[in-house]
Amino acid sequence: MTVIRPAEVAEDLGDKLLRWLVGQRFFRTKGRVPTSVHTVRSSVLIDGDPALVHAMVSVDGGDPYQLLFGIRDHVPDHVAHAVIGSLAGRTVYDAAADPDLMTALLDHLLAGDSPSGLRFEADQPIERGVRPRQMGVEQSNTSLVYGLGVLKLYRQPEQGRSRDVDLHRALAGNPHIATPLGVLTDERVDTPVVLGFMQRFLPDAVEGWAMATASVRDLLAEGDLHADEVGGDFAGEAGRLGAAVAEVHTALAAATGHRMIGTEELGSEVDAMHARLDVVLGEVPALVPEETMLRAAFDAVRGITGAVPIHQIHGDLHLGQVLRTTAGWILIDFEGEPGATPEQRSVPRSPLRDVAAMLRSFDYAAFHLLPGDDDRQRAARATEWSDRNRAAFCAGYAEVGQDPGEQAVLLRALELDKAVYEVRYEHHNRPDWAAIPLAAIQRRA
Ligand SMILES: Nc1ncnc2c1ncn2[C@@H]1O[C@H](COP(=O)(O)OP(=O)(O)O)[C@@H](O)[C@H]1O
Ligand SMILES: O=P(O)(O)O[C@H]1O[C@H](CO)[C@@H](O[C@H]2O[C@H](CO)[C@@H](O)[C@H](O)[C@H]2O)[C@H](O)[C@H]1O
């Protein structure tokens, strides 16, 4: 009789696994057809029917993905959508979709001393036997809600330390983060890899992006009223968000250290902005007419005479990374700058970089309904919304931290640098939206 070889489930599934992976949001090797899978390491966490296999699987030799294979003789209806293929008459599927196996997974981890080489270090007591549900949001990882906690499994975990975990732990007790509850580590390798992070689940959380865009929609639906007159005005929230971001910055500076930089280091920042622009100009011809203006805005930073503070910041702040709860604004996902190496992400930065990123996000929220729309009145309303909320955010920030308006030259350069990044991001990922950052750059000419 043919048997399943747990250590080679990925190889034995072969093309079926590749086809499944290509359809997953977390699969990053888009644009070319993958051809091979290789199990870097694996452990059988549960043997029998069902079985659970944890595997780190490399595709075409790239950084491994974290996969959880469920294996059953007969799959119940509720996991039918997660089937990857069959082997030796048994069905193999994505176990993250199976609450029974995910209940068993957490219990296995909490039991400790696991021969599987997976270790869960709890920051707070965690209840056992809780049946989870998958978060079910658009996300690049996989999150499971276990009662009061949400466990995020990193689908393509980074080697070495996790910035997300380290900064959350450094901020433990801060009211503007989701409390860290525990960390899942892979100890089958010499340098442990963080595979998962559990944090307090916030059942009443609403994403800032959802709130902001609902407010914009309310304004655009009104012919006669202004931003401060419509029901869904967001400026109060924008101000509170600014204060929350400033509080987190102050706490990060206190917990992880801060220092001042002068002309020389600012000059290196400017060089980096030019280098990023060089890349995007080569890829997106529509940006070429803005080159002179952009370079002048970057070079203006060389003229800043006073010292500028730097410390650890969020690094990827936008309205999709902030949640409004009944207790206030929460910042999530401190993984840092997307696309950057772990070393680049851990470099201390000006907190204005986060401010600039959030200001860009207000512009996105304002204009996301308008690409391809040349109705001047709607564009004027969107501009009104953006200006009002950007100003409110900065005013809220200034109540707690340094007034961003006092560093207008640096803020402008950072905002344009972010918009250049966005032009490239949209060009590759959401071409319909490329007009949003491009128009913002053109407006600031
Ligand atoms: N602690 C939490 N409580 C409630 N919802 C959360 C929590 N953390 C994240 N979320 C929700 O899950 C989404 C994805 O989370 P995120 O950490 O950004 O995952 P990813 O890195 O996979 O994109 C968030 O946008 C938010 O809607
Ligand atoms: O996946 P991440 O959250 O790390 O960030 C990436 O995707 C973001 C889009 O979801 C993208 O953000 C851009 O679009 C947002 C609206 O969807 C907007 O609020 C941001 O200002 C804009 O940068 C982010 O750039 C990208 O890295």
Side-chain angles (χ1 to χ4, degrees), residues 24-28 66 96 133-158 162-165 167-168 176-181 194 196-213 216 241 314-327 329-340 345 353-369 371 386 389-390 393 414-430 432-438 440:
Q24 302 306 303
R25 158 117 195 197
F26 63 75
F27 189 70
R28 295 195 188 156
Q66 174 175 204
R133 64 175 173 82
Q134 237 175 300
M135 184 89 90
V137 293
E138 270 281 293
Q139 64 168 144
S140 37
N141 295 291
T142 296
S143 291
L144 299 158
V145 181
Y146 288 93
L148 298 176
V150 51
L151 174 65
K152 174 153 87 170
L153 296 169
Y154 298 103
R155 284 304 196 153
Q156 202 171 28
E158 272 174 8
S162 157
R163 187 175 190 270
D164 201 14
V165 169
L167 291 188
H168 270 102
H176 299 296
I177 60 158
T179 305
L181 300 182
V194 172
F197 184 26
M198 186 179 262
Q199 291 176 266
R200 174 81 58 221
F201 177 62
L202 309 162
D204 57 351
V206 180
E207 262 187 38
W209 176 255
M211 290 177 69
T213 51
V216 174
L241 178 58
H314 181 280
D316 183 24
L317 200 60
H318 55 82
L319 285 161
Q321 304 278 45
V322 293
L323 306 176
R324 179 69 164 101
T325 69
T326 44
W329 283 101
I330 306 289
L331 277 54
I332 59 168
D333 205 348
F334 284 69
E335 285 167 76
E337 198 180 326
R345 289 171 193 223
R353 193 174 275 278
D354 279 346
V355 173
M358 193 53 94
L359 294 182
R360 286 293 314 124
S361 202
F362 283 114
D363 183 73
Y364 257 79
F367 286 94
H368 82 290
L369 294 175
S386 179
N389 287 287
R390 289 160 54 96
F393 177 84
L414 288 169
E415 217 193 313
L416 288 169
D417 179 47
K418 178 73 182 177
V420 167
Y421 160 87
E422 290 167 345
V423 167
R424 178 168 194 248
Y425 176 84
E426 303 302 358
H427 179 76
H428 291 293
N429 296 291
R430 301 183 292 200
D432 288 355
W433 283 28
I436 301 175
L438 201 54

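Counting starts at 1 for both ligands and their atoms, in listed order.
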For atom 23 (O) of ligand 2, the closest protein heavy atom turns out to be E422 OE2, 2.8 Å
Closest approach of A366 and V216, non-hydrogen atoms and distance?
O-CG1, 3.7 Å
Ligand 1 contact on V150 by region, counting heavy-atom pairs under 4.0 Å:
side chain
Determine, using heavy atoms of S143 and all atoms of ligand 1, whether some pair is separated by less than 4.0 Å.
no
Is there a side-chain contact between D333 and D164 (heavy atoms, below 4.5 Å)?
yes
Counting from 1 in the order shown, the ligand 1 atoms closer than 4.0 Å to a non-hydrogen atom of N141 are 20 (P), 21 (O), 22 (O)
How about E426 and Y364: do any of their side-chain heavy atoms sit closer than 4.5 Å?
yes
Is ligand 2 less than 4.0 angstrom away from at least one heavy atom of M358?
no
Looking only at non-hydrogen atoms, find the nearest pair between Q199 and A178 and report the distance.
NE2-O, 2.9 Å
Determine yes or no for a side-chain-to-main-chain donor-acceptor pair under 3.5 angstrom, with D316 supplying the side chain and F334 the backbone.
no
Identity and separation of the nearest protein heavy atom to atom 3 (O) of ligand 2
H318 NE2, 3.1 Å
Enumerated ligand 1 atoms positioned under 4.0 Å from heavy atoms of E335:
21 (O)
Note: Q66 and Y154 closest approach over all heavy atoms is NE2-O, 2.7 Å
Heavy-atom donor-acceptor pair, N141 side chain to K152 backbone, under 3.5 Å
no
Provide the closest heavy-atom pair for L151 versus G196 in the form atom of the first, atom of the second, distance.
CD1-C, 4.2 Å
Under 4.0 Å from one or more heavy atoms of Q321, ligand 2 contributes atoms 3 (O)
With backbone taken as N, CA, C and O and side chain as the heavy atoms from C-beta onward, which portion of L202 lies under 4.0 Å from ligand 1: side chain, backbone, both, or neither?
both
Which part of Q199 is near ligand 1, with near meaning a heavy atom under 4.0 Å away: side chain, backbone, both or neither?
neither
Can you tell me if L148 has over 12 outside heavy atoms packed within less than 6.0 Å of its CG?
no
Are R155 and ligand 1 in contact, using a heavy-atom cut-off of under 4.0 Å?
no
Heavy atoms, side chains only, cut-off 4.5 Å: are Y421 and K418 in contact?
yes
In terms of residue, atom name and distance, what is the protein heavy atom nearest to atom 10 (O) of ligand 2?
R430 NH1, 4.0 Å
Min heavy-atom dist R200 to ligand 1 below 4.0 Å
yes
For ligand 1, which atoms, with element, lie under 4.0 Å from some heavy atom of G320?
25 (O)
Please list, chain by chain and in numerical order, all residues satisfying salt bridge (Lys or Arg N to Asp or Glu O under 4.0 Å) with R360, sequence neighbours excluded.
D363, E422
Looking only at heavy atoms, what is the nearest atom pair of H176 and W329, with distance?
ND1-O, 2.8 Å
Side chain, backbone, both or neither: L323 near ligand 1, heavy atoms under 4.0 Å
side chain
Around atom 7 (O) of ligand 2, find the nearest protein heavy atom and jot down its residue, atom name and distance.
Y425 OH, 2.9 Å
In terms of atom number and element, which parts of ligand 1 are under 4.0 angstrom from non-hydrogen atoms of F201?
3 (N), 4 (C), 5 (N)
Identify, by atom number and element, the atoms of ligand 1 in contact range of S140, meaning under 4.0 Å from any of its heavy atoms.
20 (P), 21 (O), 22 (O), 23 (O)
Who's the nearest protein heavy-atom neighbour of atom 19 (O) of ligand 2, and how far?
S361 OG, 2.5 Å
With backbone taken as N, CA, C and O and side chain as the heavy atoms from C-beta onward, which portion of A178 lies under 4.0 Å from ligand 1: side chain, backbone, both, or neither?
side chain
heavy-atom search around atom 25 (O) of ligand 2 in the protein gives Y421 CE2, 3.3 Å
Under a 4.0 angstrom heavy-atom cut-off, which atoms of ligand 1 come close to Q321?
18 (O)
Starting from atom 4 (O) of ligand 2, find the nearest protein heavy-atom neighbour and note its residue, name and distance.
D316 OD2, 2.5 Å
Set of residues satisfying side chain to side chain contact (heavy atoms under 4.5 Å, CB included) with respect to A212, sequence neighbours excluded:
F234, L319, A365, W385
Using a distance-only test with no angle check, is there a side-chain donor-acceptor pair under 3.5 angstrom linking T142 and R155?
yes
Give the atom numbers and elements of ligand 2 that come within less than 4.0 Å of a heavy atom of P338.
27 (O)
Contacting atoms of ligand 1, where contact means under 4.0 angstrom from a heavy atom of E207
24 (C), 25 (O), 26 (C), 27 (O)
Sub-4.5 Å side-chain heavy-atom contact between R353 and D417:
yes
